[in-house]
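Heads up, the thing below is written out as structure tokens.
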Amino acid sequence: MSETITFTIDGTEIKGAPGMTILEAADQCGVYIPRLCKAKGLAPRGSCRVCTVMVNGRPQSACTQPISEGAIVENDTAALRDHRRQIIEMLLIEGNHFCPLCERSGSCELQALGYRLGIMAPRYPYMFPKRDMDTDHPDLMIDRNRCILCGRCVNASRDVDGKTVYEFAGRSVHKHIATDAAAGLAGTRAAADDRAAEVCPVGSIIRKRTAYAVPIGRRPFDKKPIGSEIEAKQA
Ligand code: FES
């Protein structure tokens, strides 16, 4: 049996090892597939659907779909770009994301995806939900206004930190990130150097006393769009 699987993404030949996902093989070959709930080193959740690609004509999430010999994958098409734009726009309107004031501006993956996908203004009306903050922990805080329910913190706390500090609670529009102590984050074993505190793609889990440490112009997405580090592998 061949140790290498060959398939194409938008006509470009991609090679990967058996068991790899489409996202992993694409990353390795310098093809960027937008993603949000998947973070490096964490198990995929397959929940945001931003990484949706067409595989032999059927939609699949690239972060969970294993590669297969001869598959024809479409990634950068007008229809998929619009699908991703719709998801990002829905996330932008259903929370309270005030980018100009947010300390993650310039390093926020939601904002960076909005720029990369050319979103000027969401096509849906803003919902302006009432959401709370959890600020009692000495080194960390949760701002649920900005949470996009990606679940990265849940996976990282459970699988990397071994603490299960974060979990989802509630349903539908009431779904929110909760902690494993009734007293909130301050009653948990959460620490500032937890992987869970690092992987938040937006400004929801924040390390205190780190705000605006990187000046405008030197933040990760100030000069290059999200995904450039992956595409640089092709050069
Ligand atoms: Fe694949 Fe979210 S990154 S579903």
Side-chain angles (χ1 to χ4, degrees), residues 5 7-10 14 16-17 19-68 71-77 79-95 97 104 107-119 122 146-160 166-168 172 175-177 195-196 198-205 220-221 225-231 233:
I5 290 175
F7 65 105
T8 62
I9 299 181
D10 297 334
I14 305 290
M20 283 180 117
T21 62
I22 293 173
L23 196 82
E24 288 169 335
D27 280 2
Q28 184 179 274
C29 294
V31 173
Y32 174 62
I33 300 174
R35 78 290 307 263
L36 205 42
C37 66
K38 175 75 177 83
K40 205 170 173 135
L42 297 184
R45 293 184 69 90
S47 59
C48 75
R49 314 315 278 189
V50 169
C51 70
T52 298
V53 291
M54 300 300 284
V55 182
N56 299 328
R58 302 175 77 111
Q60 304 281 359
S61 56
C63 69
T64 56
Q65 183 67 20
I67 57 175
S68 57
I72 297 170
V73 178
E74 296 165 72
N75 170 43
D76 193 19
T77 67
L80 287 169
R81 282 195 296 275
D82 193 54
H83 163 82
R84 291 166 184 154
R85 264 195 293 271
Q86 286 191 50
I87 295 172
I88 301 302
E89 288 176 26
M90 285 190 275
L91 290 170
L92 286 169
I93 62 101
E94 71 87 40
H97 301 277
R104 284 300 301 272
S107 61
C108 168
E109 293 179 40
L110 181 70
Q111 182 192 50
L113 275 170
Y115 282 130
R116 171 132 192 171
L117 294 168
I119 295 172
R146 303 169 184 158
C147 180
I148 56 170
L149 303 174
C150 66
R152 286 187 187 183
C153 57
V154 176
N155 277 23
S157 185
R158 182 192 60 217
D159 301 339
V160 182
Y166 306 95
E167 200 36 277
F168 289 121
S172 182
K175 186 172 177 180
H176 62 279
I177 205 75
R195 179 84 171 119
E198 186 187 347
V199 292
C200 179
V202 291
S204 186
I205 298 179
F221 305 127
I226 191 167
S228 329
E229 71 291 352
I230 292 169
E231 291 166 324
K233 292 181 195 165

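In this text the structure is predicted, and so the values were computed from the model without any measurement. For reference, positions follow the sequence shown, starting with 1. Remember, it's 1-based here, ligands and their atoms both numbered in the order they're listed.
Using a 4.0 Å cut-off between charged side-chain N and carboxylate O, Arg35 and Asp27 make a salt bridge. Under 4.0 Å is where a charged nitrogen must lie from a carboxylate oxygen, and between Glu229 and Lys40 no such pair does.
When every heavy atom of Ile226 is checked against every heavy atom of Arg116, the shortest pair comes out as O-NH1, 2.8 Å. Listed here is the closest heavy atom pair of Phe7 and Ala71: CB-O, 3.3 Å. Across Ala62 and Val53, no two heavy atoms sit closer than the pair CB-CG2, 4.0 Å.
We find the NE2-CD1 distance between His83 and Ile88 to be 9.5 Å, quoted to the nearest 0.5 Å.
Within a radius of less than 2.8 Å around atom 1 (Fe) of ligand 1, the protein N, O or S atoms are Cys51 SG, Cys63 SG.
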